[in-house]
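The block underneath contains the structure these notes are about, expressed in structure tokens.
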Amino acid sequence: MKDRLSIRRYTPTIDSHQHNYHQLVLPLHGVIELAIADKHDAVGIGHCAVIQAGTIHSFKALEKARFLVADLNDLPTSLQNLDTPFVATTNALQHFCQFAEAQLEHRLNLDLEESMTALFKQLLGTQDFLPRIDPRISRVLTVMSDDLSITLSLTTLASNANLSVSQLKTLFKKHTGKTCGQYLLMLRMEKARALLANTDVPAHLVAEKVGYQDQSAFSRRFHAYFGQTPRSFMTR
């Protein structure tokens, strides 16, 4: 079997089977209810179900729901030893899924689909898959990543999640392994590096886009994080 991506729908009647290849199910529209081995969950946008080869699984979904399904012979290391088959996906992976949906439904192009599948696998290998995230923390992650130029207080973030500040701190660390400050720094530094390497945005504007009005402070933080200066990543 060749690795492949496809857009699929399922029926509202429970079905069950297994196959000799791995499968990832990423919701595009709607929710799918899945039982994988002894784990059961409803998987919606922003999450992914990982079905390892030979695992019996049952599933159902409304017919109008749509899913990007990846049939793979091998799984990236980050998906091989999960405590749960249900994980959260990054915004970058979600955007790729939307792109894949548009391409797969537009026109049959086997060469493009093969390249897109290879790119999907490469993208998977770069992801840090988190366990299924509490919806309240998921909202906080979305708010934090929407505009990296601003620093929201813990009180504001907690309010968005309908949590107290102490509850936010505890749940955030549980689901991400980082404090809010550490996670925000990671988002900012990764965004800055991508902008410096892949665009012609000047360094001082990159600094502003990731929350630094003082370019010197940005450069010091960037160097401390990556061990290299911003200039070393700038496009030529």
Go through the steps to decide whether Met186 and Tyr225 satisfy the test side-chain contact (heavy atoms from CB on, under 4.5 Å), and finish with yes or no.
CA-CA 9 Å; Met186 178 193 72; Tyr225 194 88; 3.5 Å; yes

Transitive ILVMFWY side-chain link Leu119 to Leu68, under 4.5 Å
yes

Treating Ile, Leu, Val, Met, Phe, Trp and Tyr as nodes and any side-chain heavy-atom pair under 4.5 angstrom as an edge, say whether Val43 and Ile56 lie in one connected cluster.
no

Rounded distance [0.5 Å steps], NZ in Lys173 versus NZ in Lys178
10.0 Å

So for atom CZ, which belongs to Arg9, do other residues, nucleotides or ligands contribute more than 12 heavy atoms lying within a distance under 6.0 Å?
no

Rounded distance (nearest 0.5 Å) linking atom CG of Leu112 with atom CG of Leu108
10.0 Å

Nearest atoms (heavy-atom pairs only) where Arg107 meets Glu113
O-OE2, 4.0 Å

When you look at CD1 of Ile45, are more than 12 heavy atoms from neighbouring residues, nucleotides or ligands closer to it than 6.0 Å?
yes

Minimal heavy-atom distance between Ile7 and Glu105, with the atoms involved, is CG2-OE2, 3.7 Å

Hey, can you tell me if Tyr10 and Phe67 have their rings parallel, tilted or perpendicular (30° and 60° cut-offs)?
tilted

Please examine the side chains of Leu24 and His22, heavy atoms only from C-beta on, and report whether any two atoms are closer than 4.5 Å.
no

Take atom CD in Gln182; do more than 12 heavy atoms of anything else shown fall under 6.0 Å from it?
yes

Using atom types as modelled, flag every donor-acceptor pair under 3.5 Å from a side chain in residues 145-153 to any protein atom, sequence neighbours excluded.
residue: Ser145; atom: OG; partner: Asn91; partner atom: ND2; Å: 3.3
residue: Ser145; atom: OG; partner: Leu141; partner atom: O; Å: 3.0
residue: Ser145; atom: OG; partner: Thr142; partner atom: O; Å: 3.2
residue: Asp147; atom: OD1; partner: Ser149; partner atom: N; Å: 3.0
residue: Asp147; atom: OD1; partner: Ser149; partner atom: OG; Å: 2.5
residue: Asp147; atom: OD2; partner: Ser149; partner atom: OG; Å: 3.4
residue: Thr151; atom: OG1; partner: Arg188; partner atom: NH1; Å: 3.4
residue: Thr151; atom: OG1; partner: Arg188; partner atom: NH2; Å: 2.8
residue: Ser153; atom: OG; partner: Thr156; partner atom: N; Å: 3.1
residue: Ser153; atom: OG; partner: Thr156; partner atom: OG1; Å: 3.0

Is it true that a side-chain atom of His29 and a backbone atom of Arg66 form a donor plus acceptor pair closer than 3.5 Å?
no

Sequence-distant partners of Arg220, salt bridge (charged side-chain N to carboxylate O under 4.0 Å, His left out), two or more places apart:
none

Check: Glu114 and Arg4 side chains under 4.5 Å, non-hydrogen atoms
no

When you look at Thr229 and Arg231, which way does the side-chain hydrogen bond (donor to acceptor under 3.5 Å, both in side chains) test go after all the steps?
CA-CA 5 Å; Thr229 65; Arg231 183 175 294 277; over 6 Å; no

Quick one, Tyr183 with Thr179, criterion side-chain contact (heavy atoms from CB on, under 4.5 Å). Give me CA distance, side-chain angles, the key distance, then yes/no.
CA-CA 6 Å; Tyr183 196 88; Thr179 66; over 6 Å; no

When rounded to the nearest 0.5 angstrom, what distance separates OG1 in Thr55 from NE2 in His17?
11.0 Å

Closest non-hydrogen atom pair between Phe120 and Ala70, with its separation
CE2-CB, 3.5 Å

When you compare the side chain of Leu195 with that of Leu205, does any pair of heavy atoms fall below 4.5 Å?
no

Other than Met1, what residues sit in its cluster of Ile, Leu, Val, Met, Phe, Trp and Tyr side chains whose heavy atoms are under 4.5 Å apart, directly or through others?
Tyr21

Counting C-beta onward and ignoring hydrogens, is there a side-chain heavy-atom pair between Asp15 and Phe59 closer than 4.5 Å?
yes

Nearest heavy-atom pair of Val31 and Gly44: which atoms, and what distance?
CG2-CA, 4.0 Å

When the side chains of residues 206-214 are checked against the rest of the protein, which donor-acceptor pairs come out under 3.5 Å, sequence neighbours left out?
residue: Asp214; atom: OD1; partner: Ser216; partner atom: N; Å: 2.8
residue: Asp214; atom: OD1; partner: Ala217; partner atom: N; Å: 3.3

Contact between Leu93 and Leu124 at the side-chain level, heavy atoms closer than 4.5 Å - yes or no?
yes

Spacing of CG belonging to Asp41 relative to CD1 belonging to Ile36, to within rounding of 0.5 Å:
9.0 Å

With Asp71, the salt bridge (Lys or Arg N to Asp or Glu O under 4.0 Å) member among Lys2, Lys121, Arg8
Arg8

Would you say Cys180 and Leu168 make side-chain contact, with heavy atoms under 4.5 Å?
yes

Please name all residues satisfying side chain to side chain donor-acceptor pair (under 3.5 Å) with Gln127, sequence neighbours left out, ordered by chain then number.
Thr90

Are side-chain heavy atoms of His40 and Phe86 found at a separation under 4.5 Å?
no

Phe96 vs Glu101, side-chain contact (heavy atoms from CB on, under 4.5 Å): CA-CA, chis, key distance, verdict
CA-CA 9 Å; Phe96 180 90; Glu101 177 188 21; over 6 Å; no

Verdict with reasoning, Phe226 to Glu190, per side-chain contact (heavy atoms from CB on, under 4.5 Å)
CA-CA 10 Å; Phe226 289 115; Glu190 291 294 347; 4.2 Å; yes

Minimal heavy-atom distance between Thr89 and Cys48, with the atoms involved, is CG2-CB, 3.6 Å

For Gln228 and Phe222, which heavy atoms make the closest approach, and how far apart are they?
O-CD2, 3.2 Å

Do Leu26 and Leu62 sit in the same hydrophobic cluster, where Ile, Leu, Val, Met, Phe, Trp and Tyr count as joined when their side-chain heavy atoms come under 4.5 Å apart?
no

Evaluate His19 against His57 for ring pair (Phe, Tyr, Trp, His ring centres under 6.0 Å), listing each step before the verdict.
CA-CA 10 Å; His19 29 68; His57 53 285; 4.9 Å; yes

Separation between CD of Gln52 and CG of Leu79, rounded to the nearest 0.5 Å:
8.5 Å

Can you tell me how far apart OG1 (Thr170) and NE2 (His175) are? Round to the nearest 0.5 Å.
10.5 Å

Tell me, do Glu33 and Ile14 make a side-chain contact under 4.5 Å, heavy atoms counted?
no

Checking Ser164 now: which residues fulfil side chain to side chain donor-acceptor pair (under 3.5 Å) with it, not counting sequence neighbours?
Ser166, Gln167

